[in-house]
Amino acid sequence: MDIVRTVADLRTRVRAWRGAGETVGLVPTMGGIHDGHLALVRAACDRLDHTVATLFVNPKQFGPGEDFGSYPRDEEGDSGRLEAEGVDLLFAPPESVMYPEGYSTRVEVAGLGSILEGAFRPDFFSGVATVVAKLLLQVLPDAALFGEKDFQQLRVVQRMVLDLDVPVEIVGVPTVREPDGLALSSRNLYLSVAEREIAPALFATLSAVAEAVRAGAEPEERERWAESALLSAGFEGVDYVAVRDGVTLGPYATGQGPGRVLAAARLGKTRLIDNVAL
Ligand code: AMP
């Protein structure tokens with residue numbers, strides 16, 4: 001696996017594959033590589049001839065006071081794991097390549113980008129949409145793969161690609177979990193031993209909401225139940241638990257298309273998000 005750090009080197013490598021008629025998949029990451037990221041790599045390797053992974057802790061998607069400074073950074077360990085899983089090329093640009101002096105453009109996905117996560121992290125989705133738009137234009141892949149773990153992010157990226165006519169297929173990959181149900185996340189490293197024991201309650205609670213709503217329970221009543229269940233389990237704060245339409249993330253209409261239960265809750269200094277299908 002080669003590591004490139006400039007857009008010119010990246011394009012030279014990808015152009016050679018394209019010239020030979022081969023397909024290219026893109027897996028964007030911020031590092032802290034775990035089995036969730038590796039599931040995206042495996043899905044890319046299964047579908048496409050070549051897999052490009054990217055490693056870039058994107059400052060534009062962190063708000064003031066968030067964990068940009070302390071986010072796990074271990075390029076050597078990450079690149080070893082990505083290479084072992086079949087990544088052909090790693091793009092690990094410095095910030096000066098992604099946002100050189102004078103950089104001024106942001107991509108905003110209105111509506112979808114300002115609800116749920118967007119209501120608590122106002123610049124988050126425009127930071128994500130901006131960096132993903134850049135990565136898609138830099139690599140010009142046939143497909144880009146994103147985890148359902150970050151379900152709203154997946155929908156925001158799909159909306160952006162549709163709106164901007166970006167010629168790429170966006171593929172969602174199911175969430176990889178620990179045996180006790182906790183979704184793998186680079187941020188799980190922040191959890192203390194005691195917090196780690198409480199954390200699986202998030203998935204368990206969302207699963208219980210999904211099951212109850214499937215059985216006919218009133219979504220809003222189950223959202224309120226879930227918030228108090230999470231607080232009783234030891235979470236210190238619940239930003240939201242929401243039963244939503246699985247495509248628009250707008251209000252869920254019982255029996256009309258797929259639904260999704262999404263939540264964000266705080267455990268010590270860690271904010272966990274998760275979601276399940278209805
Ligand atoms: P991140 O490095 O956290 O920005 O994540 C990079 C990609 O990996 C995103 O598309 C995430 O949705 C995906 N991802 C993160 N955790 C998981 C997981 N537990 N299962 C599946 N995909 C994941």
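Every number for a ligand or one of its atoms is a count from 1 in the order of the listing. The residues of the chain are indexed from 1 along the displayed sequence.
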Check: of G32, P174, A183, min heavy-atom distance to atom 21 (C) of ligand 1 comes from P174
Nearest heavy-atom approach of H34 to G36 is ND1-N, 2.9 Å
Does a side chain donor of either T270 or R187 reach within less than 3.5 Å of an acceptor in the other side chain?
-> no
Using distance alone, determine whether V173 and ligand 1 share an N or O pair under 3.5 Å.
-> no
Would you mind checking which non-hydrogen protein atom is closest to atom 23 (C) of ligand 1, with the distance to 0.1 Å?
-> K149 CB, 3.9 Å
With a 3.5 Å cut-off and no angle check, do the side chains of T23 and D49 form a donor-acceptor pair?
-> yes
Closest to atom 3 (O) of ligand 1 among protein heavy atoms sits Y71 OH, 3.8 Å
among protein heavy atoms, the one nearest atom 12 (O) of ligand 1 is D150 OD2, 2.6 Å
Could you list which atoms of ligand 1 come closer than 4.0 Å to a heavy atom of T29?
-> 2 (O), 6 (C)
Using distance alone, determine whether H37 and ligand 1 share an N or O pair under 3.5 Å.
-> yes
Can you list the ligand 1 atoms lying under 4.0 Å from a non-hydrogen atom of L184?
-> 16 (N), 17 (C), 18 (C), 19 (N)
Among protein heavy atoms, which sits nearest to atom 20 (N) of ligand 1, and what does the distance come to when rounded to 0.1 Å?
-> V176 N, 2.9 Å
Does a side chain donor of either R155 or Q158 reach within less than 3.5 Å of an acceptor in the other side chain?
-> yes
Report the nearest protein non-hydrogen atom to atom 6 (C) of ligand 1: residue, atom name, distance rounded to 0.1 Å.
-> P28 O, 3.3 Å
Looking only at protein heavy atoms, what sits closest to atom 22 (N) of ligand 1 is G147 CA, 3.5 Å
With R271, the salt bridge (charged side-chain N to carboxylate O under 4.0 Å, His left out) member among E66, E236, E117 = E117
Would you find more than 12 non-hydrogen atoms of other residues, nucleotides or ligands less than 6.0 Å from E211 atom CD?
-> no
Counting only N and O atoms by type, is there a donor-acceptor contact under 3.5 Å from the side chain of D78 to the main-chain atoms of M30?
-> no
F146-ligand 1 polar pair, N/O distance under 3.5 Å | no
Proximity of M30 to ligand 1 by residue part, where a heavy atom lies under 4.0 Å | both
Taking atom types as modelled and ignoring hydrogens, do the side chains of Y71 and N58 form a donor-acceptor contact shorter than 3.5 angstrom?
-> no
Salt bridge present between D142 and R18 (N-O < 4.0 angstrom) = yes
So the atoms of ligand 1 within less than 4.0 Å of a heavy atom of H34 turn out to be 15 (C), 16 (N), 17 (C)
Considering distance alone, does some N or O of L40 sit under 3.5 Å from an N or O of ligand 1?
-> no
Evaluate the criterion side chain to side chain contact (heavy atoms under 4.5 Å, CB included) for residue pair E75 and L55; output intermediate values, then yes/no.
-> CA-CA 8 Å; E75 184 181 308; L55 188 56; 3.8 Å; yes
